Asks: 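Would you mind keeping the following structure in view while I ask a few things?
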There are 2 protein chains.
Amino acid sequence: MTDCATCVVRNRAICASLDADELALLGKLGRRHRLRAGHSLLWEGDDAPLVANVMDGVLKLAVAAADGREQIVGIVFPSDFIGRPFGKESPYSATAITDVEVCVFHRASFDDFTSAHPDLQHKLLRRTLDELDRARHWMMLLGRKSAEEKVASFLLEMSERLSGQACDADAQRGFELPFGRQQIADILGLTIETTSRQLTRMRANGLVDLPSRREIVINDRAAMEAIAG
Amino acid sequence: MTDCATCVVRNRAICASLDADELALLGKLGRRHRLRAGHSLLWEGDDAPLVANVMDGVLKLAVAAADGREQIVGIVFPSDFIGRPFGKESPYSATAITDVEVCVFHRASFDDFTSAHPDLQHKLLRRTLDELDRARHWMMLLGRKSAEEKVASFLLEMSERLSGQACDADAQRGFELPFGRQQIADILGLTIETTSRQLTRMRANGLVDLPSRREIVINDRAAMEAIAG
DNA sequence: CGAGAAGTTGAGTTATTTCAACACGTGTGG
DNA sequence: CCACACGTGTTGAAATAACTCAACTTCTCG
């Protein structure tokens, strides 16, 4: 049994809509679970018997082609929800990018619980609507933006989403990506070489500093926004 | 006042979850409205004071860049839902592609009604989850597929969604697109020329017939699926 | 310290875009 | 009924952004 009362993401996750009694009930359904970087929680095309809340770490949602091409279609941060409630196989895989801690539920029992708790369902609807907006916004990037615009947009979005709690200006200027270059390429629909070249060029122009492989410092946010288009 | 009892899409739209009394209530909130092809119901970035169900016709959801580039991020068919419940400005425009008949609600009153009717909310959640899956699937296409694969995938998806009611094999082989070439290009993240060339090539290979500008006949579905990847 | 993974850089190739001309079809007015 | 003009779609040639392949460099970690 899981102790929702001490959950680190409780006030940000969908569970925030529940009162103490409901939380206790939900706690009986959930199991905390650790996942090492590189391991998957859901597989594309497989029946998905579970849903989950992320407590710590980052996961990617990805679709793969037969020949190995991969497109990352979503990034899951702490307090985000993973999975496909109400039936259906999972249309994408969910794989841990860092070591991850999740709160896992059997899909069927979570579905039942959700149906009985309209507030939870409402919270889930709002989140899904937000995710849909984000996905559609990303479609514009994938379909119509140049490599340079893609990288600039990516850096700006990550600087915002990674700040999370600490949303002061400093945290947004410098941050550490949880992704390697190949993963950035898979998010942007580019090759690893093009991604690397764009970052190098931005560093040469003084737009960013790259203190280490995964650290990014945005020197000129306004210029970056102008490039992102 | 709108008469939901005689609505042509009632059993397919989200309203299907409602009983007679609830339908009558909802009917008081809704207004039927006609929209000519080319006119918009929502504008990107504007506050969206309404939501709607489509009764007849087709609309596009699109995101535009300052320089005129456009990406279509969703296609809305009869019985589909349009709009962004629960606040927020509309992140995309919704524009009629054919003449359209919609059932429009003030967003605020629709939100209230939804909150009071968990079944409706449940239906809305399921639809939003489906839309999210579709959008993510499309992200793979936009980010990783070649022009040929894009066009093949598009034709197959349209053959399925346009069949709608008449889902016999004939209706899926030949169908009439509600889009012009430019709109197909905006859906696929290509130029109009590339789109045209791919279609011409498919006709030359005997994969499709193009009896008129908007008609498509898929001759070899299996081959088309192989190309779509 | 050494080996392997991850990232960068360069040179050449290619898919897609861009720019421009042309074809088709349809509706209007002479 | 024909001519013409406009919107839409097609085709061709040239330009280019991004990809591919390959070598090299830099980190990371045992």
Side-chain angles (χ1 to χ4, degrees), chain A residues 36-38 60 65 67-72 97-99 141-155 176-205 207-216 227 229, chain B residues 36-38 60 65 67-71 97-98 141-155 176-205 207-216 227 229:
Chain A
R36 296 233 152 240
K60 65 175 180 181
D67 60 5
R69 281 175 294 181
E70 174 168 312
Q71 178 65 48
I72 295 182
I97 273 184
T98 64
D99 287 355
L141 176 142
L142 290 170
R144 290 300 187 200
K145 289 195 177 179
S146 70
E148 186 181 33
E149 293 170 318
K150 284 180 177 181
V151 172
S153 304
F154 169 77
L155 294 179
E176 183 174 344
L177 292 174
F179 315 106
R181 293 289 186 271
Q182 181 61 61
Q183 283 163 343
I184 300 177
D186 289 339
I187 290 168
L188 297 178
L190 297 171
T191 57
I192 185 172
E193 294 97 330
T194 302
T195 306
S196 176
R197 275 188 252 268
Q198 291 298 334
L199 283 169
T200 305
R201 204 151 73 92
M202 286 180 175
R203 186 184 49 189
N205 296 343
L207 256 163
V208 297
D209 290 337
L210 309 171
S212 76
R213 288 187 162 180
R214 301 204 160 193
E215 279 175 283
I216 306 274
I227 290 171
Chain B
R36 296 236 152 236
K60 66 175 181 180
D67 60 4
R69 282 176 294 181
E70 174 167 312
Q71 178 65 49
I97 272 184
T98 65
L141 176 141
L142 290 170
R144 290 302 188 198
K145 290 195 177 178
S146 70
E148 186 181 33
E149 292 171 318
K150 284 180 178 181
V151 172
S153 305
F154 170 77
L155 293 179
E176 183 173 346
L177 293 174
F179 316 105
R181 293 288 186 273
Q182 181 62 59
Q183 283 163 345
I184 301 177
D186 287 340
I187 291 169
L188 297 177
L190 297 171
T191 58
I192 186 174
E193 295 95 332
T194 303
T195 306
S196 175
R197 276 186 253 268
Q198 292 298 334
L199 283 169
T200 305
R201 203 150 73 91
M202 286 180 173
R203 186 184 48 189
N205 296 344
L207 256 162
V208 297
D209 290 338
L210 308 172
S212 77
R213 291 186 161 182
R214 302 203 160 194
E215 279 176 284
I216 306 274
I227 290 170

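Keep in mind it's a predicted model, so treat the numbers as computed, not measured. Proteins come first, then strands; the chains are lettered A, B, ... in the order of their sequence lines, and each starts at number 1.
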Asks: Salt bridge (charged side-chain N to carboxylate O under 4.0 Å, His left out) with B:K60: which residues, sequence neighbours excluded?
Replies: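 With neighbours one apart ignored, the set is B:E70.
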Asks: Using atom CD1 of B:I184 as one end and atom P of D:dT10 as the other, report the distance to the nearest whole Å.
Replies: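 Distance, rounded to whole Å: 9 Å.
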Asks: Report for the helix from C:dC1-D:dG30 to C:dG30-D:dC1: angle between first-end and last-end helix axes, five pairs each, rounded to 10 degrees.
Replies: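 Axis angle across the helix from C:dC1-D:dG30 to C:dG30-D:dC1, nearest 10°: 30°.
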Asks: Could you state the CG-P distance from A:L210 to D:dT26, rounded to the nearest angstrom?
Replies: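 Taking atom P of D:dT26 as the reference, CG of A:L210 is at 15 Å.
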Asks: Measure from the side-chain N and O atoms of A:E176 to the backbone N and O of A:I216, and report whether any donor-acceptor pair falls under 3.5 Å.
Replies: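 No; judged by distance alone, with no hydrogens or angles, the pair does not exist.
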Asks: Taking side chain to side chain donor-acceptor pair (under 3.5 Å) as the test, write out the residues that go with B:D209, two or more places apart.
Replies: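 B:D209: side chain to side chain donor-acceptor pair (under 3.5 Å) contacts with B:N219.
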Asks: Could you tell me the separation between the CG atom of A:D67 and the P atom of D:dC19, rounded to a whole number of Å?
Replies: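 After rounding, the reported distance stands at 14 Å.
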Asks: CD of B:Q182 versus C1' of D:dG9: gap in Å, rounded?
Replies: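 Value for this atom pair: 11 Å.
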Asks: Taking the side chain as everything from C-beta on, heavy atoms only, tell me whether A:L177 gets closer than 4.5 Å to A:Q183.
Replies: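 A:L177 does not reach A:Q183 side chain to side chain.
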Asks: Grab the CD-P distance between A:E149 and D:dA17 for me, whole Å please.
Replies: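 That distance rounds to 12 Å.
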Asks: Would you mind reading off the distance between A:I192 atom CD1 and D:dC21 atom P, rounded to a whole angstrom?
Replies: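 Spelled out: CD1 on A:I192 to P on D:dC21 is 15 Å.
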Asks: Quick one: what's the B/S/- string for nucleotides 11-26 of chain C, heavy-atom cutoff under 4.0 Å, read 5' to 3'?
Replies: B----SBBB----B--
Asks: Quick one: side chain to side chain contact (heavy atoms under 4.5 Å, CB included) partners of A:I192, sequence neighbours excluded?
Replies: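 By the side chain to side chain contact (heavy atoms under 4.5 Å, CB included) rule, A:I192 matches A:R181, A:Q182.
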Asks: Using the salt bridge (charged side-chain N to carboxylate O under 4.0 Å, His left out) criterion, which residues pair with B:R144? Sequence neighbours excluded.
Replies: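 For B:R144, the residues satisfying salt bridge (charged side-chain N to carboxylate O under 4.0 Å, His left out) (neighbours in sequence not counted) are A:D186.
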Asks: Just to verify, what does A:E148 make a salt bridge (charged side-chain N to carboxylate O under 4.0 Å, His left out) with, not counting sequence neighbours?
Replies: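 If we apply the salt bridge (charged side-chain N to carboxylate O under 4.0 Å, His left out) test to A:E148, skipping adjacent residues, the hits are A:R201.
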Asks: Return the set of residues passing salt bridge (charged side-chain N to carboxylate O under 4.0 Å, His left out) with B:R69 (not counting sequence neighbours), or none when no residue passes.
Replies: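 So B:R69 forms a salt bridge (charged side-chain N to carboxylate O under 4.0 Å, His left out) with A:E149, B:D67.
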Asks: Holding to side chain to side chain contact (heavy atoms under 4.5 Å, CB included), I want the full list of residues that pass it with B:S196, two or more places apart in sequence or in another chain.
Replies: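 B:S196: side chain to side chain contact (heavy atoms under 4.5 Å, CB included) contacts with B:T200.
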Asks: Could you tell me the separation between the CZ atom of A:R203 and the P atom of D:dT26, rounded to a whole number of Å?
Replies: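 So the CZ-P distance, A:R203 to D:dT26, works out to 11 Å.
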Asks: To the nearest Å, how far apart are A:R214 CZ and D:dT26 C1'?
Replies: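 After rounding, the reported distance stands at 15 Å.
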